[in-house]
Amino acid sequence: MALLLRWLLLLAATAVAAAVAKAQPLASRTDLAALYSLRASLGLRARDWPLKADPCARWAGVDCAAGRVVGVTVAGLRRTSLATAQAPGLALEGLRNLTALARFNASGFALPGEIPTWFGAGLPAPLAVLDLSSAAVNGTLPPDLGASGNLTVVHLSGNRLTGNIPAPLLSVAGLRVLDLSRNNLTGALPNVSVSVSLGGAGDAANASVFNVSGNSLYGVAADAIGALRRRFQVVDVSSNYLDGAWNGSDTRLLATTNCFYGVPGQRSRADCEEFYRKQGVQLVDPPAPSPVPLPEPSPSPSPEKKKKQRISENVLIGVLVAAGTLMALFFIALLLCLVKRRSRGTTGGRGVELNEEGTRSSRRRDSSVSPVMSLPPAVSPGADDGPKNAPAISGEFTYEQLVLATGGFGDDKFIKHGHSGDIYHGVLENGSHVIVKKVGAKGANKHASELDFYTRYSHERIVPLLAHLSNDDEEFLAYKYMPKGDLTNALHKKPVDTADGLPSLDWITRLKIATGVAEAMCFLHDECSPPLVHRHIQSSSVLLDDKYEVRLGSMSDICIQQSGGSQNVFTRILRSSKSLDKHTSGPPATCSYDVLCFGKVLLELVTGNIGISGSNDAASEEWLSNTLNHINSGDRASIAGIIDALLLVDEDHLEEVWAVAIIAKTCLSAKPSRRPTARYVLRALESPLRVVRQGSSRSSSARQQLRSSSSRSSWQSVFQGNHRVQSLDAAAAATSASASALDRRHSLRSHGSGGEASSSFKRAVPTDAAPEPAAAVLDEDDVVV
């Protein structure tokens with residue numbers, strides 16, 4: 001009890017001393033001038049750093065001791081609107097005059113620009129903690145960084161740093177944490193010959209970490225890693241291109257996704273050879289396996305044994321011939337049945353097809369995507385009329401193959417915790433890649449809607465499901481591997497990952513991705529009957545193949561759209577028979593909610609601020625409010641302050657960026673009834689300039705309606721024009737006159753970045769689209785913020 005009381009008194013005395021030190025006013029004029037310089041160069045708001053107040057008492061993030069500034073934290077602070085519009089850079093000259101500064105934290109505070117040369121020896125000598133993580137810093141690290149010898153913690157992760165790692169930085173005796181992960185560093189690991197050891201393996205207070213994961217380091221690294229292990233307790237060199245031999249038994253070394261041989265969880269040999277060829281360096285060949293001794297020749301058989309062998313061979317040949325004949329007859333009969341079945345299926349007339357329930361339905365003529373391809377009816381995983389482990393979707397995978405492909409579902413193959421299960425990356429025996437989702441017993445119900453969807457539908461814009469397996473209480477879903485990953489990782493590229501050297505996807509590719517997502521929405525909303533809602537459209541669910549073609553994933557939340565009271569009795573009975581309608585908990589099950597989420601994805605493509613579509617916190621809402629305020633449908637220059645700084649866009653495409661920003665703002669309307677349908681969004685993305693350019697043939701009223709509102713009627717007036725009434729009157733005549741009008745197509749040619757092959761999307765030209773319900777004019781204040 002006495003010991004506890006003494007500890008509480010000591011804690012209170014420490015708090016009082018800190019409060020007294022904080023309350024003591026700033027006494028150094030040099031420090032005050034340096035803070036004013038930082039305030040001006042960073043453009044901080046007056047509410048955070050008030051000009052006439054004492055910095056030690058009123059300035060957020062400023063810590064003082066004995067009348068001197070010892071700590072500055074700008075992480076979490078915001079710039080003024082004027083400073084944001086002037087494209088801020090890395091302006092930290094004021095730090096040089098804070099001679100007593102021990103800590104500086106600018107984590108997440110945008111400082112785009114190269115690290116200046118004075119940032120090495122010019123930093124304050126007492127500086128011990130430097131945190132510039134996720135601050136958009138680029139350039140190379142100064143060779144004399146850490147020359148003062150007092151740095152203990154350095155965080156520079158999540159930036160765009162290039163060049164080599166300076167070896168003198170690792171020679172700082174007191175350095176405990178060095179985090180350079182998720183940059184573009186190249187070259188070899190520095191071979192540090194320092195024998196300083198910062199505590200034993202169990203000394204948590206002196207734990208030291210060296211992290212360079214997610215870069216492009218290469219070369220033979222066994223000796224350098226050994227020296228780093230003697231210098232730091234935890235070493236992370238994963239996701240690089242390091243070469244050589246490594247035993248992989250050290251649990252405190254993370255070295256996955258490299259080019260080491262003899263260790264599991266490494267890159268393929270072809271990827272490593274391609275990377276080393278681009279760098280002009282020879283990849284070390286693994287040692288050749290030891291020769292296997294040849295078996296001794298067996299003695300020649302006797303004549304009687306030879307005779308028996310000949311008889312056995314003749315019998316085997318006869319059996320094989322008979323089996324081959326039977327197989328040929330079987331396939332011929334099967335082919336005849338298929339031909340006869342197809343001939344019966346085509347006698348119903350053009351424009352009519354069978355849906356998954358076996359009923360006949362008229363094909364949608366106003367569709368903007370390809371028709372639905374029906375699959376066999378769903379098999380319930382828990383049905384009583386089948387075995388417990390029967391797969392819902394037949395595939396060529398077995399449970400043992402998936403375990404072998406994912407390394408026993410080990411941590412080195414783990415990607416992330418998905419919405420309904422854990423996601424793993426697998427490599428099959430033939431070298432092909434696959435994505436596996438492992439669903440436990442608690443999450444079995446979450447993917448029932450997804451399985452039911454895949455057994456009914458498939459489309460070129462939906463990521464293919466290759467197999468579904470059950471093993472005991474666990475479910476496994478295997479998907480096609482997407483080489484470019486999701487939009488979250490593909491938007492901003494590494495220089496080594498592309499031949500064009502661009503820091504991010506160009507505008508044509510971004511518009512191509514937006515159009516692909518809109519096509520996927522049109523398929524779900526317009527082609528599926530009843531309409532389906534994705535409910536999870538965000539950048540992490542937009543998957544990209546090697547040509548940046550969109551494959552929409554994360555289908556675990558899909559369900560049938562919820563309708564209002566005007567739904568007729570037949571539709572309600574039809575909906576009640578669908579198993580997709582039994583899993584509608586979670587986000588709103590309406591098509592307008594998908595359009596709202598898609599609007600956030602469009603803003604991410606325009607601004608480069610990845611993560612907004614998957615977040616609904618206060619910071620994201622505030623960012624949306626500020627961003628939407630910059631989008632003015634009457635002023636193209638209004639978006640200059642929100643365009644992605646890494647997006648290289650010329651004047652020809654700047655107007656398209658402006659149009660897409662207006663489309664995004666329209667999708668984010670506060671009232672669902674005023675959001676455009678996916679069909680109109682797709683048409684706008686196919687011709688974005690029509691959103692901002694109205695020709696002489698358009699009436700002034702239609703132009704004014706688009707620029708002052710975002711209702712469905714305004715989209716209708718722009719993309720249907722004054723010919724809406726004429727098209728409705730001619731619909732009946734066109735139906736009886738000729739069915740060939742249904743097959744008119746036009747294509748949107750969209751090229752990927754780096755000169756990749758173009759792709760063509762075919763869409764039906766609408767001829768009988770029904771008019772959308774009228775809506776009131778939307779004011780600027782009605783937009784979601």
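Everything numeric in this text was worked out from a predicted model, so none of it was measured.
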Could you state the interatomic distance from OG (S541) to NE2 (H536), rounded to the nearest 0.5 Å? 6.0 Å
Quick one: pull up CD in E400 and CG in N471 and give me the separation to the nearest 0.5 Å. 8.0 Å
Could you name each residue pair satisfying disulfide bond (SG atoms under 2.5 Å apart) that touches residues 250-279, not counting sequence neighbours? C259-C272
Show the nearest heavy-atom pair for residues L552 and A520, with the distance to one decimal. CD2-CB, 3.9 Å
To the nearest 0.5 Å, atom CG of L228 lies from atom CD1 of I225 at 7.5 Å
Checking side-chain polar atoms at under 3.5 Å, does S133 have a donor or acceptor matched by the opposite partner on S157? no
Quick one: pull up CD in Q266 and CG in D243 and give me the separation to the nearest 0.5 Å. 10.0 Å
Measure the spacing between NZ of K413 and CD1 of I423 and express it to the nearest 0.5 Å. 15.0 Å
Report yes if some heavy atom in the side chain of V209 is under 4.5 Å from a heavy atom in the side chain of D179; otherwise report no. no
Salt bridge check: are E450 and K437 linked by an N-O gap of less than 4.0 Å? yes
What pairs with E273 under salt bridge (charged side-chain N to carboxylate O under 4.0 Å, His left out), at least two apart in sequence or on another chain? none
With distance as the sole criterion, is a donor-acceptor pair present between the side chains of S449 and D452 under 3.5 Å? no
Output all residues satisfying ring pair (Phe, Tyr, Trp, His ring centres under 6.0 Å) with Y593, sequence neighbours left out; order by chain, then residue number. none
Holding to salt bridge (charged side-chain N to carboxylate O under 4.0 Å, His left out), I want the full list of residues that pass it with R551, two or more places apart in sequence or in another chain. D545
Listed by chain and number, what are the salt bridge (charged side-chain N to carboxylate O under 4.0 Å, His left out) partners of D644, not counting sequence neighbours? R510
Looking only at side-chain N and O atoms, does S613 offer a donor or acceptor that is under 3.5 Å from a partner on E604? yes
Hey, does D411 have a side-chain heavy atom less than 4.5 Å from the side chain of Y424? no
R535 (side chain) donor-acceptor with P587 (main chain) under 3.5 angstrom: yes
Side chain to side chain contact (heavy atoms under 4.5 Å, CB included) involving T256 - partner list, sequence neighbours excluded: S238, D412
In Å and rounded to the nearest 0.5 Å, what is the CG to CG distance from L180 to L185? 6.0 Å
Give a yes/no verdict on a cation-pi contact between R267 and Y241, requiring under 6.0 Å between NZ or CZ and the six-membered ring centre and an angle within 45° of the axis. yes
So, H425 versus Y481, ring centres under 6.0 angstrom or not? yes
Consider only side-chain N and O atoms of D557 and H534, and report whether a donor and an acceptor are under 3.5 Å apart. no
Distance only, no hydrogens: is a donor on one side chain within 3.5 Å (strictly under) of an acceptor on the other, for T186 and S216? no
Is it the case that E475 and S470 place a side-chain donor and acceptor less than 3.5 Å from each other? yes
